[in-house]
Amino acid sequence: MSVQSLENGYKNIFKESPAHFYFAPGRINLIGEHTDYNGGRVFPCAISLGTFAAVKPRTDNEFHLYSENFADQSVQVLTLGTSEIQEKVGNMWTNYPKGMLRYLMEDGAKITTGLNVYIVGNLPDGAGLSSSASLEMLFGKIFQDEFQLQVDPIDMVKTGVKVENQFIGLNSGIMDQFAVEMGKKDNAVLLDTNTLKYEHVPLKLGNYVIIIMNTNKRRELADSKYNEHRQQCDEALKQLQTGVDTPTLGALDKETFDEYAYLIQSEPLLKRARHAVFENQRVGEAMTALKDQDLAKFGRLVNASHVSLQYDFDVTGKELDTLAHTAWQQLGVLGARMIGGGYGGCAIAIVDKERVAAFEAEVGKIYKEKIGYAADFYVAEIADGPTQL
């Protein structure tokens, strides 16, 4: 998206020229799914699809917010010092900037005047590429720059997570906001969600590229079984803790889990916990394989992640399984798996550059035959975190 098109969009709504332009990426997760709220490791990266903004300060205490993606909602007005800043309203997109504004101010941010903000995103809505985290970290960057706030990046990440957990009501982990905020071009982020220790790992895939495959089945995480699965992980951990001293599922290795798995009292709980433990181990193995340039092993671990998400964590569904399983059968594919919360959204495939067109054609054809509507495909370009353009 060009700055010129952002400026034109802003002018069309606010009848004046904007002062500044911003961008925050979306994210994909290479491996480590549903481990972030289990004290495990994740391996995401920011992508060049994301959320853009054109902004101009106001002299009053009103925030006038408009999203091109929700044009039917017109300009939304938030007024500082009123109860509307404190309350979530339905499923409005403005709940995300509202939550960021509320919690930053509660933490001492001095924001006394408003802004005009024009938003447009090119992340498919509800596709599992973290459009909500992108929006939260975008507004974090806007507020930081426009009001000269001194907020540590990790604290900004935590504010975004607080918005999701307490304001929106989704009991998610820290990965999405962390991946967006700490994104670095051509690098993935290895994050230990228990300690918040992280490192940027160069993403050297040789002659391969990452293809994002969108099922075009929208999923609303807060309305899905996401919170239920998290509760099952918490319950499995409690049952394990009756016999083994461990703070999280992510702190267990495969051998210890196997030894104490008998303590878990039901099959669903056992399967959820097994995924969390084994997936966490796969993250470490995948990072080592990537550093060693053993791309074939990296791809197999990506495949194993999907199998675990399908059979143990039960969050894939027909659409995601069709994409992943069909991708596995194509020439020039190292690996493929679902990403995000599941139940729809997106998958990724690691594909030979020379085979991309054939891959998209064949997988797209089979998907439409089995599901009844088309999937979309994008080449993922690895990007930096939020920035002023």
Side-chain angles (χ1 to χ4, degrees), residues 1 5 25-30 33 44-52 67-72 91 93 120-135 176 205 208-221 223-226 299 302-303 305-307 309-310 314-383:
M1 170 124 351
S5 63
R27 71 98 188 93
I28 57 174
N29 188 25
L30 298 173
E33 214 67 73
C45 48
I47 58 175
S48 57
L49 297 174
T51 316
F52 299 80
S67 171
E68 197 68 57
N69 301 84
F70 298 94
D72 59 314
N91 291 318
W93 73 271
V120 60
N122 57 12
L123 287 165
D125 192 35
L129 301 178
S130 291
S131 56
S132 61
S134 179
L135 191 59
D176 292 353
L205 296 177
Y208 292 86
V209 293
I210 299 169
I211 303 294
I212 299 170
M213 307 181 288
N214 187 359
T215 64
N216 285 319
K217 179 186 178 184
R218 181 186 168 85
R219 57 126 195 66
E220 291 283 1
L221 274 186
D223 297 329
S224 72
K225 292 184 178 180
Y226 186 97
V302 166
N303 293 343
S305 174
H306 185 92
V307 171
L309 287 158
Q310 179 177 351
D314 189 27
V315 291
T316 56
K318 183 179 179 182
E319 295 81 5
L320 287 165
D321 288 338
T322 297
L323 286 177
H325 291 217
T326 306
W328 295 342
Q329 297 164 9
Q330 307 308 307
L331 290 174
V333 174
L334 286 179
R337 73 176 194 89
M338 64 147 278
I339 60 171
Y343 315 105
C346 289
I348 58 169
I350 304 167
V351 182
D352 189 313
K353 292 175 185 175
E354 308 301 322
R355 298 288 308 171
V356 168
F359 171 85
E360 293 181 359
E362 184 63 18
V363 175
K365 173 175 169 286
I366 293 172
Y367 182 83
K368 189 169 185 180
E369 288 172 354
K370 288 191 174 182
I371 304 302
Y373 52 85
D376 288 327
F377 300 87
Y378 317 85
V379 176
E381 297 179 12
I382 313 307

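Of the inter-residue distances, the one linking W328 atom CH2 with L323 atom CG reads 11.5 Å to the nearest 0.5 angstrom. The distance from the CG atom of L49 to the OG atom of S131 is 11.5 Å, given to the nearest 0.5 Å. The CD1 atom of I211 sits 10.5 Å away from the CD1 atom of I348 when rounded to the nearest 0.5 Å.
The minimum heavy-atom distance between I28 and I339, with the atom names listed, is CG2-CD1, 3.7 Å. Scanning all heavy atoms of the two residues, the minimum distance from A336 to H306 falls at O-CB, 4.0 Å. Of all the heavy atoms in M213 and A349, the pair that sits closest is CE-CB, 4.0 Å. Between T51 and L123 the shortest heavy-atom distance is OG1-CD1, 4.3 Å. Shortest non-hydrogen contact noted between T316 and L320 is O-CD1, 3.3 Å.
A donor-acceptor pair under 3.5 Å is absent between the side-chain atoms of R337 and the main chain of V307, judged by distance alone. Looking at E68, its side chain never comes within 3.5 Å of a backbone N or O of G121 through a donor-acceptor pair.
Within the 4.5 Å cutoff, no side-chain heavy atoms of L334 are placed close to those of V302. Within the 4.5 Å cutoff, no side-chain heavy atoms of I350 are placed close to those of L30. E319 places a side-chain heavy atom less than 4.5 Å from the side chain of Y367.
When each of T215, V315, N29 is tested with M338 by the rule side chain to side chain contact (heavy atoms under 4.5 Å, CB included), just one qualifies, namely V315.
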Let me check something: any side-chain donor-acceptor pairs from residues 369-381 under 3.5 Å, sequence neighbours excluded? List them with distances.
| from | atom 1 | to | atom 2 | distance (Å) |
| --- | --- | --- | --- | --- |
| E369 | OE2 | K365 | NZ | 3.3 |
| D376 | OD2 | N216 | ND2 | 3.2 |

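Scanning for side chain to side chain contact (heavy atoms under 4.5 Å, CB included) contacts around A46 gives P25, with sequence neighbours left out.
Counting only residues at least two apart or on different chains, no salt bridge (Lys or Arg N to Asp or Glu O under 4.0 Å) pair has a member in residues 338-356.
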Checklist entry - Where do N69 and W93 land on the side chain to side chain donor-acceptor pair (under 3.5 Å) test, with the steps shown first? => result CA-CA 10 Å; N69 301 84; W93 73 271; over 6 Å; no
